[in-house]
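Encoded as structure tokens, the structure appears first; notes follow it.
Every chain is numbered from 1 and lettered A, B, ... according to where its sequence line falls, protein lines coming before strand lines.
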Amino acid sequence: MENPHAERQAVLLERILKNTSKCTEMILELNHCMEEILRANSSVKTAAELATKYRKNVQYNLEATKGNLGS
Amino acid sequence: MADARKPIAPNPTRWKPSNDPSSINVPGLDRDASVTDQIEQIEQLITIKLQNIDENFAKIHNVLASQILPAVKRYSIGTEPVREAAKFWTSFYERAAQIRIPTYDEHSTVNEIPSDTEEVSNEEEQEQTVQIDNTQDGPHDFEPSMAQTESSFMPGQDAFSSTPATTRGATTMDSFASHGSNEPSWANSMESPLLRLKSEIQNFSTDDDSIITATGSGSSSILQQTPAPDRQDSTILPPSTTKSTGKSKGKEPELLRNVLRHNLYNQSSDEFTMKGVSPLKPKAKPKTPVPKEYNPYLSPGTDSSNWTGVVDLRDPSVLSPKKYNHSSKASSSRVPKTPTHDSDDDDSFDGLPQGMSPPVLMSPARPPRTLAELGLQKLGQSPSKQAAARIVKDIVRDVQANSGYKPSRSYYGITDSHVESSMSTVQTPPSLSKYHRGETSESLAEDASLDSMIRRVGLDMPSRAGLNSTPGLRLRGARQQQAPARTYSDSSAEDSFPAISAFTPNYMGDYQGNDNLSSDSDSLDMDDEVNNTAHPSAAFLMASQGRPGADDSFGSSNHSSDSLDEDVGGLAPIHPFGGTVEDDGFDDEDDSYDTQQSELQEETVFGVPPAQRLRQEALRQQEGLRMHGGDLLDDTIGVQIVAGDLGVDESPTPAAWNGGSDLRG
């Protein structure tokens with residue numbers, strides 16, 4: 001009696017399953033891409049931090065030198 | 001962020017299972033119908049719900065595939081230049097600080113606190129966390145901390161001041177200070193990142209056992225040296241490539257390698273223990289540790305321990321050893337590519353002088369020299385070829401000057417002919433052929449020899465596109481409709497100036513344009529003027545040889561002058577005759593010979609060259625423009641050219657132009 005419903009629902013469930021698996025694959029691929037980007041950006045982050053710290057140190061040394069000059 | 005999109009409806013409250021059927025509330029259900037009907041309705045509701053679920057999942061999939069993933073990939077592609085720049089800058093800072101920064105993935109343990117005092121404390125903390133990470137999170141990839149870079153930047157390293165902030169750093173640096181050098185010894189033993197990665201991969205694929213055995217000897221050294229070197233290194237992380245290879249090998253070997261690497265970077269006491277720790281890593285271009293006695297800056301016989309680390313570079317005797325052609329270590333960053341630098345062998349540092357580390361890889365901002373460039377260096381072996389080499393070099397230089405400089409290159413001062421040589425190599429051969437053919441085709445005014453100049457000018461007025469020598473010196477002004485003198489980018493044409501001024505009277509006896517040349521002698525002396533007046537243009541020739549031709553050019557230029565008068569921004573000329581565009585680099589078009597009018601007015605540092613002034617007059621004679629404080633037509637020889645036909649009275653000319661009258665004929 002409920003066969004037509006069950007049939008229809010089974011078909012729908014199959015489609016849902018297929019779509020879900022495809023979405024999962026895409027999300028995995030997305031994660032992979034994000035990981036690569038993150039890996040690549042780490043060097044950018046490193047360079048930025050290097051520059052920041054260099055500038056900080058330079059500023060510190062300049063301040064120190066300025067103090068010496070002033071005295 | 002979701003404002004532009006339709007709002008997402010909140011999910012309906014979840015259905016809570018209840019044992020009491022009467023309390024179950026199904027939204028779409030008609031409670032009044034029979035049970036069977038209700039069941040039917042419920043089934044239909046289920047079907048509809050499943051359909052919605054399927055639709056949502058399909059939508060997710062579509063959005064992911066069509067928008068998100070492509071966007072992410074576009075982002076990754078778009079940020080590629082940023083990554084390249086970051087790679088360069090990290091190598092730059094590495095060289096500046098003479099340390100090595102491992103570039104790894106994922107978590108960053110870099111210290112970002114902006115104070116110096118905090119840096120030291122944070123670095124120490126990081127080192128401890130790093131060690132913990134290394135032991136516990138072997139399979140994970142770690143990002144190196146920035147603490148390594150702090151070693152050289154820290155004031156404590158160089159100054160050894162007594163401030164509290166720096167003493168902490170100084171104490172940890174004692175092991176390094178004992179070497180009598182400011183640079184950490186282990187830094188010199190670091191291979192380049194690429195070589196290290198390559199060696200890592202090789203090690204992973206072949207020598208697991210040997211590494212394990214080596215680890216046993218290294219591990220003890222790790223524990224002993226942990227306190228002191230911690231100041232130097234931060235996290236020891238496997239390279240990104242190991243992530244792919246390490247997974248297959250298992251977690252334990254990776255942990256071993258992490259420990260090995262940790263030891264590698266932590267080496268401080270004895271430089272030569274490096275070899276014991278990682279004997280399998282081939283060092284094609286190693287940064288070997290420099291033993292104390294090989295200090296190149298020390299005069300032989302002095303005690304290396306007493307070396308304060310301060311080298312007076314003004315003293316030539318202190319400079320680098322003879323075998324190493326570079327004068328300073330800083331220049332070692334540029335890999336010598338010329339054939340003459342035989343001592344800089346890549347594969348062995350036997351050719352290098354003692355104490356000098358092998359040169360590091362070239363900066364990625366510099367493209368590798370092409371074969372043509374290298375070949376050009378051999379051109380100058382013979383006198384006849386030296387001229388050809390000079391020509392080529394000048395052509396290359398002009399081409400590079402004309403083409404857009406990359407900001408990085410210009411910033412680094414890489415303006416020699418080596419840059420973009422690949423581009424120049426394509427263009428030089430035609431120009432060289434044009435030299436020999438003596439055509440009026442566009443050719444870079446690279447010929448520094450008098451004969452070539454004579455040939456070029458004597459045969460027929462060579463149409464030379466205005467190529468800028470240095471962008472800074474040549475500004476684009478209004479276009480020059482007439483081109484009595486082409487604007488050449490003659491960086492080397494200054495040599496030919498005397499020749500031109502000398503033979504122009506002979507060559508252009510009745511050429512009115514010569515007035516410009518001779519009268520422009522004062523301007524010709526300027527290097528910038530060379531570009532404009534060194535090589536008389538086709539317009540001059542036409543003006544001298546055939547009035548119609550000149551008139552046509554003038555007339556047409558007059559017509560189009562209005563349209564071009566407003567152009568002061570230096571746009572490319574759109575003159576009807578203008579087949580050539582300056583500043584585009586290398587113009588080999590023969591059409592440009594007839595299209596001298598397309599030249600741009602180029603102001604030099606010293607002002608508008610007289611030749612251009614002449615052109616302006618001819619162009620704007622009707623407009624009565626003023627130039628240099630006076631009417632254009634007043635004191636220019638160009639008036640003579642145009643006046644004859646147009647009836648403009650010749651104004652009294654200043655004394656400087658009197659010489660032109662002779663040439664006027």
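Counting heavy-atom neighbours within 6.0 Å of A:E14 CD, excluding the residue itself, gives a total of 12 or less. Around CG of A:L62, the count of heavy atoms belonging to other residues, nucleotides or ligands within 6.0 Å exceeds 12.
Interface remark: B:K49 contributes no atoms to any contact with chain A (heavy atom separation under 4.5 Å). Interface remark: A:I27 contributes backbone and side-chain atoms alike to the contact with chain B (heavy atom separation under 4.5 Å). Heavy atoms of A:A51 lying under 4.5 Å from chain B belong to its backbone as well as its side chain. Neither the backbone nor the side chain of B:E80 comes within contact range of chain A; no heavy atoms are under 4.5 Å apart. Contact annotation for A:T52: neither backbone nor side-chain heavy atoms come within less than 4.5 Å of a heavy atom of chain B. Heavy atoms closer than 4.5 Å to chain B are found in both the backbone and the side chain of A:L30.
Of all heavy-atom pairs spanning B:R83 and A:A40, the tightest one is CD-CB, 2.6 Å. Nearest heavy atoms, B:Y93 versus A:A47: CE1-O, 4.5 Å. Nearest heavy-atom pair across B:L64 and A:C23 is CD1-O, 3.9 Å. Residues A:L12 and B:T47 come closest through the heavy atom pair CD1-O, 3.2 Å.
Among the candidates A:I16, A:V58, A:V44, the residue making the largest number of heavy-atom pairs closer than 4.5 Å to chain B is A:I16.
Atoms CG and CZ, on A:L17 and B:F57 in that order, are 9.5 Å from each other to the nearest 0.5 Å. Here NE2 of A:H32 is found 11.0 Å from CG of B:L69. Values are rounded to the nearest 0.5 Å. B:T90 contributes atom OG1, which lies 14.5 Å from atom NZ of A:K45 (distance to the nearest 0.5 angstrom). Note that OG of B:S76 and CG of A:L38 are 13.0 Å apart. Values are rounded to the nearest 0.5 Å.
No salt bridge links B:K73 with A:E36; every basic N to acidic carboxylate O contact stays at or beyond 4.0 Å.
When the options B:N56, B:N62, B:D54 are evaluated for a side-chain hydrogen bond (donor to acceptor under 3.5 Å, both in side chains) with A:N19, the one that passes is B:D54.
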Test salt bridge (charged side-chain N to carboxylate O under 4.0 Å, His left out) on B:E55 and A:R15; report intermediate values, then the result.
CA-CA 9 Å; B:E55 179 187 352; A:R15 291 187 56 178; over 6 Å; no

Please report the C-alpha distance between B:T79 and A:I37 in whole Å, then the side-chain angles of each, then the deciding distance to 0.1 Å, and finally whether the side-chain contact (heavy atoms from CB on, under 4.5 Å) criterion is met.
CA-CA 9 Å; B:T79 54; A:I37 290 174; 5.7 Å; no

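Under the 4.5 Å side-chain criterion, counting only non-hydrogen atoms from C-beta, B:W89 is not in contact with A:L50. No side-chain heavy atom of A:H5 sits under 4.5 Å from any side-chain heavy atom of B:I46. B:E43 has its side chain within reach of A:Q9: a pair of non-hydrogen atoms, C-beta onward, lies under 4.5 Å apart.
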